[in-house]
Structure formats: structure tokens, C-alpha cells
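Hydrogens, waters and symmetry mates play no part in the numbers below; they use all other heavy atoms, side chains included.
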Amino acid sequence: PSSILIQLIQASPTVQIEWQKAFEIDATTAELRASLLPKFSASTDGGTVIGGSSNATTSRSLRSTGEYLDLLVTGRQLAFDFGATSESITAQMHARSAQVLRAYEAQQTLISRIIELTADYQALLSQTSASQILQTELGKLREIAERRFRAGTASISDIRSIQIKQLEV
């Protein structure tokens, strides 16, 4: 039962939204870290840009004809940005930590609410049980009062006061 409860809490839309925000911050942080990595591109002598790898069809046709290919490989590396990227990464890491705390807070709020509802339910069950016992006892008192009234030893107001108490419960 507790594993089902944990799954339900984690599947809660509120909790899911908070975790999704944390994952979005992770993606932004990864993009910032990637911006620090060198970037390479290659182009042929005709100016055709080859992405991150060589073009397989071009290399096969060149091998078969025995021609040579001039390639220009360009690399770009951010030399210095006065710490702006590092500060952004640090800020994103702090934002992620805060977002994870908000996600855990959302989970704790749900757990607290479940505990509260369980306690209310238990109290309601005890109250219902006590109410049923009280109704039973008041019913017995009313029967005794009715017998006493028929015997002439009690008044009708005794019966009416017990009936009013039964309605209040």
C-alpha cells in the first residue's frame, strides 16, 4: 500500500510540474556548458560545409577516382567572457537546487494533506461509532420513559426531551 501511495504522490500533476521545471533548468545548464566547448566545422575546396563528420558519399567517390580533396577545418573556442557563462551556469545550478526543493515541498504538502485526511477519516469513524452507541442508549432511555409514562410515573416532557436529544445526535 505505501508503494502505491508513493507512486500516486509522484504522479500528481503538481509534483510533475515542479519536476518538469527542474528538468528544464537542467537542459538550460547543459546548453550553457556546451557553449564553453570548442566548435568545429569542415568545408571542401568548393565551399561545401561538412557537418561534424565527413560526407560518406563524397569520400567514396573520391577514393574511386583517386582525386585529392582539400578540406578546411575550422575550430572556434571561447577564450574569455569575463566569467559570464560560468556565473550563468552557477546561477542555473542554484535555480535547479531551489526547484528540486520546491518539488520536494509539493510532495511533502501532498503527504501532509493525505495524513490530515486519514486522521479526519479516523476521527469521523470514531465519531460515527460513538454517535451510533449514543443513539442506541438514547433509544433505550426513550423506551424506559415511555413505559414509565404508560405506568403514570413520568410525564410526556421526559419522552420529548429524549427525542430532542436523539435528533441532535
Open item on the list: Can you tell me how far apart OH (Tyr121) and OG1 (Thr128) are? Round to the nearest 0.5 Å.
Closed with: 9.0 Å
TODO: Mind checking the CD1-CD spacing from Ile89 to Glu31? Nearest 0.5 Å is all I need.
DONE: 11.5 Å
- [ ] Output yes when a side-chain donor or acceptor of Ser131 lies under 3.5 Å from a complementary backbone atom of Gln127, and no otherwise.
- [x] no
Open item on the list: Just so I know, are the side chains of Leu32 and Gln92 near enough to count as touching, which here means a heavy-atom distance under 4.5 Å?
Closed with: yes
Open item on the list: I'd like to know whether Phe40 forms a side-chain contact (heavy atoms from CB on, under 4.5 Å) with Thr74, so could you lay out the CA-CA distance, the side-chain angles of the two residues, the decisive distance to 0.1 Å, and finally the verdict.
Closed with: CA-CA 5 Å; Phe40 294 98; Thr74 308; over 6 Å; no
TODO: Verify, without hydrogens or angle tests, whether Ser126 (side chain) and Gln122 (backbone) share a donor-acceptor contact under 3.5 angstrom.
DONE: yes
Open item on the list: Can you confirm whether Asp81 sits close enough to Leu78 that some side-chain heavy atom of one is under 4.5 Å from a side-chain heavy atom of the other?
Closed with: yes
Open item on the list: Would you compute the distance between atom OG of Ser88 and atom CZ of Arg33 and round it to the nearest 0.5 angstrom?
Closed with: 12.0 Å
Task: Nearest heavy-atom neighbours spanning Ala145 and Ala154 - done: O-CB, 4.3 Å
Task: Derivation of the side-chain contact (heavy atoms from CB on, under 4.5 Å) call for Arg96 and Thr29 - done: CA-CA 9 Å; Arg96 186 196 189 281; Thr29 305; 5.7 Å; no
Task: salt bridge (Lys or Arg N to Asp or Glu O under 4.0 Å) between Arg113 and Glu116, worked out - done: CA-CA 5 Å; Arg113 185 68 181 130; Glu116 204 175 280; 2.7 Å; yes
Open item on the list: Please evaluate residues Thr109 and Thr14 with respect to the criterion side-chain contact (heavy atoms from CB on, under 4.5 Å), reporting the C-alpha separation (whole Å), side-chain torsions for both, the decisive distance (0.1 Å), and the verdict.
Closed with: CA-CA 10 Å; Thr109 301; Thr14 305; over 6 Å; no
Open item on the list: Return the CD1 to OG distance between Ile159 and Ser157, rounded to the nearest 0.5 Å.
Closed with: 9.0 Å
Task: ILVMFWY cluster, Val15 and Ile114 together (side-chain gap under 4.5 Å) - done: yes
Task: Residue pair Arg142 / Gln166, side-chain donor-acceptor N/O under 3.5 Å - done: yes
Task: Glu137 vs Lys140, salt bridge (Lys or Arg N to Asp or Glu O under 4.0 Å): CA-CA, chis, key distance, verdict - done: CA-CA 5 Å; Glu137 295 302 317; Lys140 290 177 184 176; 3.7 Å; yes
Open item on the list: For the NZ atom on Lys39, are there more than 12 heavy atoms of other groups (residues, nucleotides or ligands in this structure) within a distance under 6.0 Å?
Closed with: yes
- [ ] Report yes or no: does Gln16 contribute a side-chain atom to a donor-acceptor pair with the main-chain N or O of Gln10 at less than 3.5 Å?
- [x] yes
Open item on the list: Quiz question: by atom type and distance under 3.5 Å, do the side chains of Glu18 and Gln99 form a donor-acceptor pair?
Closed with: yes
Task: side-chain contact (heavy atoms from CB on, under 4.5 Å) evaluation trace for Tyr104 with Val100 - done: CA-CA 6 Å; Tyr104 283 132; Val100 167; 3.4 Å; yes
- [ ] Find the distance between CD1 (Ile156) and CD (Glu146) and round it off to the nearest 0.5 Å.
- [x] 8.0 Å
- [ ] Please round to the nearest 0.5 Å and tell me the distance separating atom CD of Glu105 and atom OG of Ser112.
- [x] 10.0 Å
Open item on the list: Restricting to non-hydrogen atoms, name the atom on Ile162 and the atom on Leu138 that form the minimum distance, rounded to 0.1 Å.
Closed with: CG2-O, 3.5 Å
Open item on the list: I'd like to know if the side chain of Ser161 and the backbone of Asp158 have a donor-acceptor N/O pair within less than 3.5 Å.
Closed with: yes
Task: Same cluster (ILVMFWY, side-chain, under 4.5 Å), Leu101 and Trp19 - done: no
Task: Donor-acceptor contact present, side-chain Ser129 to main-chain Leu125, <3.5 Å - done: no
TODO: Verify the cluster assignment for Leu141 and Leu134: are they in a single hydrophobic cluster under the rule of side-chain heavy atoms below 4.5 Å apart?
DONE: yes
